[in-house]
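See below for the structure under consideration.
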Amino acid sequence: MAFCSHGVLLVFFLFSLLTGHGIEASHQIYRRLQTTAAAPSPPGHQPYRTGYHFQPPKNWINGAMIYIRVYHLFYQYNPNGMVLGRPVWAHSTSTDVVNWMPQEVAISSSIPSDINGCGSENQQVQNLAVPKNLSDPYLREWVKPAVNPLMAPTAMNKINASSFRDPTTAWLLPDKHWRVVIGNKRDQGHRGMALLYRSKDFIHWAKAKHPLHFAKGTGMWECPDFYPVYVDSIFGVDTSTMGPNIKHVLKASLDDTKHDFYTIGSYDIRKDIYTPDKGSVEGDSSLRYDYGKYYASKTFYDESTRRRILLGWVNESSSTADDMKKRWFGIHATPRTILLDEYGKQLVQWPIKEIEMLREKPIDLSGKLIKQGSSIEVPTITAAQANVEISFRLTKLTSVENIDPAWTNPQLLCSRKEAMVQGGVGPFGLLTLASKGLEEYTAIFFRIFKSPDNYMVLMCSDQIRFSLNPTNDKTTCGTFIDADPIHGELLLRTLIDHSVMESFGAMGKNCITARVYPTLAIDDNAHLYAFNYGTEKVEITRLTGWSMKKAHIN
Ligand SMILES: *[C@@H]1O[C@H](CO)[C@@H](O)[C@H](O)[C@H]1NC(C)=O
Ligand SMILES: *[C@@H]1O[C@H](CO)[C@@H](O)[C@H](O)[C@H]1NC(C)=O
Ligand SMILES: *[C@@H]1O[C@H](CO)[C@@H](O)[C@H](O)[C@H]1NC(C)=O
C-alpha cells in the first residue's frame with residue numbers, strides 16, 4: 001500500500017496472495033483455526049474478550065492508513081471458516097484510531113492470480129487493488145486492474161515461490177521511481193532478506209539485482225517494514241521523505257522465532273542499499289519492538305498529526321482447544337506512535353494519545369513509599385480494564401545485586417528471578433489481573449543489578465502464575481532497559497484489558513505485551529497492586545490509575 005500526501009494522490013493496496021495455500025501460509029495456528037472457526041462467538045459472558053483492543057472474531061494484522069481524515073484498517077479474515085479458506089481483506093474505518101466501524105469487505109479473491117486452489121503449487125504473488133471512487137472517504141469499493149499479478153516468482157528470478165510475501169508501503173525517490181520491499185529467504189532459509197522492486201508507474205515492477213538488505217542465519221522475513229525517522233524530533237516522517245536528519249528503520253518479523261526485530265541505519269538511495277548502524281545486532285537477539293507477544297506489525301505515516309503509527313498483532317497463549325471454545329484468535333495491540341530516541345540508538349513507543357479518551361475515574365497514590373517485601377492495592381479502578389502509570393525513585397542503591405557475567409539472556413534471568421524471588425533493589429512493579437489471594441497474577445516489574453562499570457535495569461513480565469489453567473503458554477518475558485536508576489525515575493505504564501497487558505518501560509524504550517487468561521482474577525475479581533519484594537524500600541513518586549471505558553469495535 002502506498003499513500004503519497006504530496007501533490008498527486010495515490011492510494012494503492014499491494015497485497016500478497018498465495019494460490020496454493022491460504023494467505024500467510026507460515027502462520028500455522030491461524031490456518032488450523034480457519035478450518036474450525038465459522039460459528040459466531042459463543043453466547044454468554046466472555047471474560048477474555050477485550051474492551052478496547054481491536055478484535056474481530058478472527059483476524060490478522062495488515063495495512064493501515066489515513067485518507068481524507070479517515071483511518072482505514074485492512075486485515076485478513078476468513079468469513080466462511082469451515083474450510084481452509086480463501087481469506088478476504090476485511091476493512092474497518094475510524095476517525096480516532098480507537099473506535100472502529102466495519103465496512104464492506106475490501107478485497108476478496110476473484111482473479112486468476114488470487115484464486116487459491118492451483119493444485120499443489122504454493123505460489124505467492126503480489127497483486128494491486130485501487131479504490132474505485134477516490135471521493136469516497138470510506139474507500140468502500142476496490143478494484144483490481146487487469147495487470148495482476150504485478151510481481152511473481154519465476155524461473156528467471158529464482159525466487160522461492162513459497163517465501164515471497166508481505167510488501168511494505170512503497171516509497172518514491174527523487175528519480176521518480178517507486179520502491180517496495182518483499183519478505184523472502186534464500187539458501188534453504190539461512191538468509192532472511194528484503195527483496196527490492198522498482199517501478200515508474202506502480203504497475204510494471206522490476207526486481208533490483210540486490211536486495212535492500214539481508215542477514216545470514218535469520219530465516220524467513222515476514223512483514224518487512226522500512227521507513228525513515230527523524231533524528232531528534234517529536235514528529236514522524238512520510239515514507240518517501242529523504243534527506244538530512246533522517247535515519248532509516250528496517251523491521252522484519254522472524255518466522256522462525258515469531259519476533260519483530262529491527263535495526264536503525266542509513267539508506268543510500270544512490271546504491272539503493274540499507275546498512276544497519278555499526279554494532280547493530282541482527283536476528284533474534286537484536287532490538288525488538290516488543291519483548292512479549294507481538295508480531296507481524298506494520299507502520300504507517302499519519303500526515304494529519306505528523307505521527308508514524310505502529311500496529312501490531314498479538315497472538316493467543318491459550319491451547320487450541322480453548323481457542324476453539326473462544327471462537328476467536330488474535331487481537332491487535334494498541335496503536336503506538338514510534339520515534340527515534342534522543343541518542344539515536346533505539347526506537348521509543350507510546351500508546352497513541354487518543355486512547356486516553358477512554359480513561360475515567362482517576363485515582364492517585366503518588367508520594368508513597370513501598371516498604372521492603374510489601375504491596376499496596378490500587379483501589380477502586382476496574383482492574384480488568386485499566387491504565388496505570390507508576391514512577392519509582394530509588395532512594396538507596398547499597399544492596400544492589402551483582403550481575404553474574406553468565407546472565408546475558410534477560411528472558412532467562414526474568415524466569416530465574418521471578419516476581420516472588422527477593423532481590424536487593426527490586427523486584428518492584430505491578431501485580432496485574434491478580435486474584436485476592438494471589439493464586440493468579442501477572443507481574444510487571446524492574447530489578448536493578450550492578451555490573452563492574454554501571455547499573456543495569458531489568459524489566460520483566462512474569463507470567464508463570466497468570467492462570468490456574470495448566471494448558472496456557474506461560475513463558476516469562478524480559479529485557480534489559482537503557483535507563484539510569486540513579487539520577488532518573490523509572491516509569492512504567494501498563495494497559496490492561498482482560499486478557500492482554502501492554503507494558504511500556506522507561507517512557508516506551510522497552511515494551512512487553514502479555515496474553516493471559518486468569519480463571520479467578522476476572523472482571524470485578526481482578527485486583528491491581530504495586531509491590532516491592534526487594535530488601536530496600538522504593539518511593540512511588542507518582543501513581544495514577546484509570547478505569548478504561550469500552551471502545552466501539554466493529
Ligand atoms: C463517489 O463518492 C462520493 C462521496 O461518497 C459520492 O458522492 C459519489 O456519488 C461517488 N461516485 C460514484 C460514481 O459512486
Ligand atoms: C522454499 O521454501 C520452502 C518453504 O519454506 C522450503 O521448504 C524449501 O526448501 C525452499 N526451497 C529452496 C530451494 O530453498
Ligand atoms: C502463537 O503462540 C503460540 C503459543 O504460545 C506459539 O506456539 C506460536 O508459535 C505463536 N504463533 C505466532 C505466529 O506468533
Side-chain angles (χ1 to χ4, degrees), residues 11 18 20-34 58-61 67-70 76 93 103-104 120-124 130-143 153 155 157-166 183-193 195 218-223 252-261 284 288-297 312-323 326 328-333 411 461 463-464 466-467 469-477 499-500 513-517:
V11 184
L18 315 131
H21 293 253
I23 296 178
E24 308 281 3
S26 61
H27 298 141
Q28 298 298 341
I29 290 193
Y30 176 63
R31 288 174 55 208
R32 190 177 71 224
L33 288 164
Q34 271 178 9
K58 295 144 276 172
N59 69 75
W60 203 267
I61 192 82
Y67 178 68
I68 327 184
R69 291 196 204 88
V70 176
Q76 285 165 287
T93 54
Q103 297 291 348
E104 296 272 290
S120 56
E121 294 161 47
N122 186 357
Q123 176 82 6
Q124 303 178 357
V130 292
K132 197 167 175 185
N133 180 1
L134 283 173
S135 315
D136 172 14
Y138 295 102
L139 299 173
R140 276 170 278 224
E141 283 185 273
W142 290 76
V143 289
N157 63 29
K158 295 205 185 77
I159 294 167
N160 185 334
S162 57
S163 312
F164 182 63
R165 57 183 175 270
D166 309 334
N184 181 232
K185 65 176 177 188
R186 282 280 162 87
D187 303 342
Q188 282 82 43
H190 294 312
R191 190 189 303 203
M193 65 172 67
L195 294 178
T218 54
M220 176 67 189
W221 287 8
E222 299 195 286
C223 298
S253 301
L254 294 177
D255 195 19
D256 293 352
T257 54
K258 308 295 179 208
H259 294 139
D260 277 16
F261 91 96
D284 215 40
R288 291 187 208 160
Y289 279 165
D290 192 297
Y291 293 81
K293 283 217 179 245
Y294 195 89
Y295 193 66
S297 64
W313 174 81
V314 186
N315 191 7
E316 303 294 321
S317 43
S318 39
S319 65
T320 308
D322 285 352
D323 293 339
K326 288 185 295 189
W328 37 263
F329 187 79
I331 59 168
H332 290 180
Q411 191 199 349
S461 171
Q463 295 165 36
I464 56 172
F466 78 64
S467 175
N469 179 345
T471 65
N472 292 325
D473 170 8
K474 294 176 185 155
T475 311
T476 282
C477 301
S499 60
V500 63
T513 298
R515 223 46 232 287
V516 304
Y517 317 91

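We count ligands from 1, going down the list as the structure has it; atoms in each ligand are counted the same way.
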- Going by distance alone, is a donor N or O of one side chain under 3.5 Å from an acceptor N or O of the other, for N184 and S163? no
- Query: Taking atom 14 (O) of ligand 3 as the point of reference, which of D256, V314, N315 owns the nearest heavy atom?
  - Reply: N315
- Does a donor on one side chain and an acceptor on the other come within less than 3.5 Å for T218 and R191? no
- Task: Please indicate, with yes or no, if any protein heavy atom is found under 4.0 Å from atom 2 (O) of ligand 1?
- Result: yes
- Hey, is the main chain of Q124 close enough, under 3.5 Å, to the side chain of R165 for a donor-acceptor pair? no
- Can you figure out which of N133, D136, L139, L134 has its heavy atom closest to atom 12 (C) of ligand 1? N133
- Note on the structure: Under 4.0 Å between heavy atoms, the region of K293 that gets near ligand 3 turns out to be side chain
- Message: For the residue pair D290 / T513, report whether a side-chain donor-acceptor contact shorter than 3.5 Å exists.
- Response: yes
- Query: Among protein heavy atoms, which sits nearest to atom 5 (O) of ligand 2, and what does the distance come to when rounded to 0.1 Å?
  - Reply: K185 NZ, 2.6 Å
- Give the numbers and elements of all ligand 2 atoms closer than 4.0 Å to a heavy atom of S162. 1 (C), 2 (O), 3 (C), 4 (C)
- Query: Under the 4.0 Å line, does any protein heavy atom show up next to atom 9 (O) of ligand 2?
  - Reply: no
- Would N472 and S318 count as a side-chain hydrogen bond (donor to acceptor under 3.5 Å, both in side chains) if you check the C-alpha gap in whole Å, the side-chain angles of each, and the deciding distance to 0.1 Å? CA-CA 5 Å; N472 292 325; S318 39; 5.1 Å; no
- Message: Looking at D323 and E316, would you say the former's side chain and the latter's main chain have a donor-acceptor pair under 3.5 Å?
- Response: no
- Message: Strictly below 4.0 Å, N to O, side chains only: are K293 and D473 in salt-bridge contact?
- Response: yes
- Item | Atoms of ligand 3, numbered as shown, that sit under 4.0 Å from any heavy atom of D473 | 4 (C), 5 (O)
- Query: Applying a strict 4.0 Å limit to heavy atoms, is M220 in contact with ligand 2?
  - Reply: no
- Message: Testing the 3.5 Å rule here: is there a donor-acceptor pair between the side chains of Q463 and T476?
- Response: no
- Message: Among all the protein's non-hydrogen atoms, which is closest to atom 4 (C) of ligand 1, and how far away is it?
- Response: S135 O, 3.5 Å
- Query: Got the closest protein heavy atom to atom 6 (C) of ligand 2, with its distance?
  - Reply: N160 ND2, 4.2 Å
